[in-house]
Amino acid sequence: MTSSRNRISKAVIPAAGLGTRFLPATKATPKEMLPVVDKPAIQYVVEEAVTAGLSDVLMITGRNKRPLEDHFDRNYELEEVLRTKGDAAKLTRVQESSDLATMHYVRQGDPRGLGHAVLCAEPHVGDQPFAVLLGDDLIDPRDPLLARMTAVQEEYGGSVIALMEVDPETIHLYGCAAASPTGDDDVVNVADLVEKPTAAEAPSNLAIIGRYVLDPAVFEVLRKTTPGRGGEIQLTDALQALASDPSLGGPVHGVVFRGRRYDTGDRGDYLRAIVRLACEREDLGPDFREWLREYVSKEM
Ligand code: UTP
């Protein structure tokens with residue numbers, strides 16, 4: 001069993017999926033680069049990792065990786081043009097993403113599932129607990145989740161997953177946790193995980209969302225995990241093995257998140273996320289809200 005002596009400092013962001021729900025937009029562009037208002041979704045996720053104290057970021061990339069790497073790199077030509085124009089505000093915006101974190105990249109090759117993507121992080125992560133953030137889930141920066149998860153991992157050891165109460169009618173869209181309370185109001189013991197159960201089969205209404213803090217024992221378990229749904233190596237299957245046998249890598253706990261989350265992997269939710277975040281923006285919000293109110297009253 002691996003201990004969790006070291007402070008968590010590394011974040012892994014799998015971004016090698018095919019993004020088929022967003023075709024044709026994702027034919028030549030990673031879905032993580034799709035803008036949410038005026039920033040690509042992936043930048044919100046890297047900012048979240050850095051805010052939680054994880055400034056060493058490993059991105060798992062695949063085909064069309066160039067835009068992801070370029071976004072977090074300097075663009076001297078563009079910077080020079082903005083400097084010559086004296087446009088300090090835009091220059092700052094361009095430099096923000098390249099100054100954010102220490103970025104590393106590894107290619108997944110074939111997209112053989114989220115579990116396989118996480119396994120690609122092993123040489124970089126080594127023998128210490130690490131965070132995994134999925135670009136599909138945007139967690140509102142005002143409702144910090146990851147920092148709470150790393151604190152829970154440091155207290156309880158093992159692995160920590162993020163859970164959210166959902167309408168039982170929608171639980172079939174998620175992985176679902178069988179959980180029991182701990183002394184902490186927002187922390188549960190996870191005894192079992194079921195991938196996409198029907199409402200009748202579901203052991204709870206606690207759905208797994210895309211943030212994890214994992215014990216490195218997960219790598220050994222992933223190596224032994226046979227491909228599941230869709231021929232892909234599923235991270236939920238490996239977590240299920242860890243939860244049902246704590247001797248493999250410590251216990252699995254869940255942090256129940258009650259804040260604002262936007263699921264941008266789905267087209268409808270992606271549009272809702274943009275509208276909500278645009279409404280809340282100080283610069284764009286006032287005009288946009290007024291237009292939206294008028295549009296809804298006239299057109300709907
Ligand atoms: P999704 O299940 O959303 O798959 O992956 P997808 O391919 O990105 O999207 P659709 O369903 O075809 O539209 C969840 C996360 O796991 C990553 C994705 O990039 C996403 O962040 N992933 C998935 C990988 O990195 N590699 C894989 O082989 C599969």
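We count ligands from 1, going down the list as the structure has it; atoms in each ligand are counted the same way. Values below: all heavy atoms of this structure, side chains included; hydrogens, waters and symmetry mates excluded.
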Looking at Gln108, Gln234, Glu232, which hits side chain to side chain donor-acceptor pair (under 3.5 Å) with His116? Gln108

Just wondering, are more than 12 heavy atoms of other shown residues or ligands nearer than 6.0 Å to CZ in Arg107? yes

By chain and number, the residues contacting ligand 1 below 4.0 angstrom (heavy atoms only) are Pro14, Ala15, Ala16, Gly17, Leu18, Gly19, Thr20, Arg21, Lys31, Glu32, Gln108, Pro111, Arg112, Gly113, Leu114, Ala117, Asp136

Among residues at least two apart in sequence or on other chains, which ones pass salt bridge (charged side-chain N to carboxylate O under 4.0 Å, His left out) with Arg112? none

Electrostatic pair Glu280-Arg260, nearest N-O below 4.0 angstrom: no

Ser97 (side chain) donor-acceptor with Phe72 (main chain) under 3.5 angstrom: no

Here's a test for you: under salt bridge (charged side-chain N to carboxylate O under 4.0 Å, His left out), which of Asp186, Asp185, Asp140 qualifies with Arg258? Asp185

